[in-house]
Structure formats: C-alpha cells, structure tokens
Amino acid sequence: MITDPRISIVIETENLGMAGLDDLMTSLASLHAQTLPKEAIKEILVIGGSHISTDSLARITDAYPKVRVVVSEKPLEYTESKMLGAKVATGDILVF
C-alpha cells in the first residue's frame, strides 16, 4: 500500500484548437493555485502532437517551468495522447 502517493497530472492538447491556449494556461494556473501540498503533485505533463507551436510551448514553459511538455513527432488522436501520457508519467496516481 502506498502511504504518500505522488500524483501525475496529464493534460492532452488535442482539443487545443477548440479550447485555445488561453484556456490551457487558465487550467495550469488553477493547478498551480491548488491547496494540495505541492509535494503530492509529482509532475504536470502537457502532451502535444506535432500541431502545437513552438511559441505555445515556450509560453507554457516560461510561465510554468515545472510543467513537463512531451511532444510527439507525429499527430496524435485524443486517445493516443492519453496513452502517451500514461506511458511517460511517473506518479503513483494518474489524473487526466
């Protein structure tokens, strides 16, 4: 039994075209402001297919340096993004 589980939060960006980068940044700001102890969140992963621009990636990592961005070399479908996130996540609990 894990007594102090570490959480990996996985955010896929396949719907970024519909939601927009500002909405993603709002989600990241909300996660950053959570009252959950910071040590409980092992990582926040943003999963992107080849569609996410380098400007968008820079905006994310500049604002939230602890966010790890994982970019696939090929376009990903929604489910593929989730599966990639599950594959690279290192926490005990995955939250999508």
Side-chain angles (χ1 to χ4, degrees):
M1 180 174 181
I2 300 170
T3 56
D4 293 318
R6 304 282 303 273
I7 301 167
S8 291
I9 299 171
V10 178
I11 303 171
E12 57 80 24
T13 63
E14 296 314 303
N15 293 326
L16 196 59
M18 289 187 302
L21 185 60
D22 289 337
D23 289 338
L24 174 58
M25 297 299 283
T26 299
S27 294
L28 292 172
S30 176
L31 289 170
H32 184 71
Q34 292 295 310
T35 58
L36 184 68
K38 298 290 186 216
E39 61 273 4
I41 299 175
K42 179 169 184 151
E43 61 194 348
I44 298 174
L45 302 167
V46 172
I47 309 297
S50 60
H51 69 282
I52 192 165
S53 73
T54 54
D55 289 341
S56 294
L57 293 175
R59 187 171 165 200
I60 293 166
T61 55
D62 287 349
Y64 302 100
K66 292 185 179 184
V67 169
R68 182 165 58 124
V69 177
V70 177
V71 179
S72 170
E73 293 182 15
K74 68 173 190 132
L76 297 173
E77 301 216 4
Y78 180 77
T79 304
E80 292 173 315
S81 287
K82 300 277 190 199
M83 295 305 294
L84 177 57
K87 182 178 179 180
V88 300
T90 60
D92 302 308
I93 298 172
L94 300 181
V95 177
F96 293 94

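- Evaluation of the salt bridge (Lys or Arg N to Asp or Glu O under 4.0 Å) rule for Glu80 yields Lys74 as partners, not counting sequence neighbours.
- Without hydrogens or angle criteria, Glu43 side chain to Thr90 main chain gives a donor-acceptor distance under 3.5 Å.
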Show, in sequence, the C-alpha distance, side-chain angles and deciding distance for Leu21 and Ile60, and conclude whether the side-chain contact (heavy atoms from CB on, under 4.5 Å) test is met. CA-CA 9 Å; Leu21 185 60; Ile60 293 166; 4.1 Å; yes
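- Closest non-hydrogen pair, Leu76 versus Gly48, comes out as CD1-O, 4.2 Å.
- Note that the CZ atom of Arg68 and the NZ atom of Lys42 stand 9.5 Å from one another [nearest 0.5 Å].
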Tell me which donor-acceptor pairs under 3.5 Å the side chains of residues 24-37 have, and how far apart each pair is, sequence neighbours excluded?
residue: Thr26; atom: OG1; partner: Asp22; partner atom: O; Å: 2.9
residue: Ser27; atom: OG; partner: Asp23; partner atom: O; Å: 3.2
residue: Gln34; atom: NE2; partner: Ser30; partner atom: O; Å: 3.2

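- Atom OG of residue Ser8 and atom CG of residue Asp92 lie 8.0 Å apart, to the nearest 0.5 angstrom.
- Smallest separation of non-hydrogen atoms from Gly85 and Val10: CA-CG1, 3.7 Å.
- Phe96 and Ile47 fall within a single hydrophobic cluster, where Ile, Leu, Val, Met, Phe, Trp and Tyr are joined by side-chain heavy atoms under 4.5 Å apart, directly or via other members.
- The cluster map of Ile, Leu, Val, Met, Phe, Trp and Tyr, joined by side-chain heavy atoms under 4.5 Å apart, puts Met83 and Val88 in different clusters.
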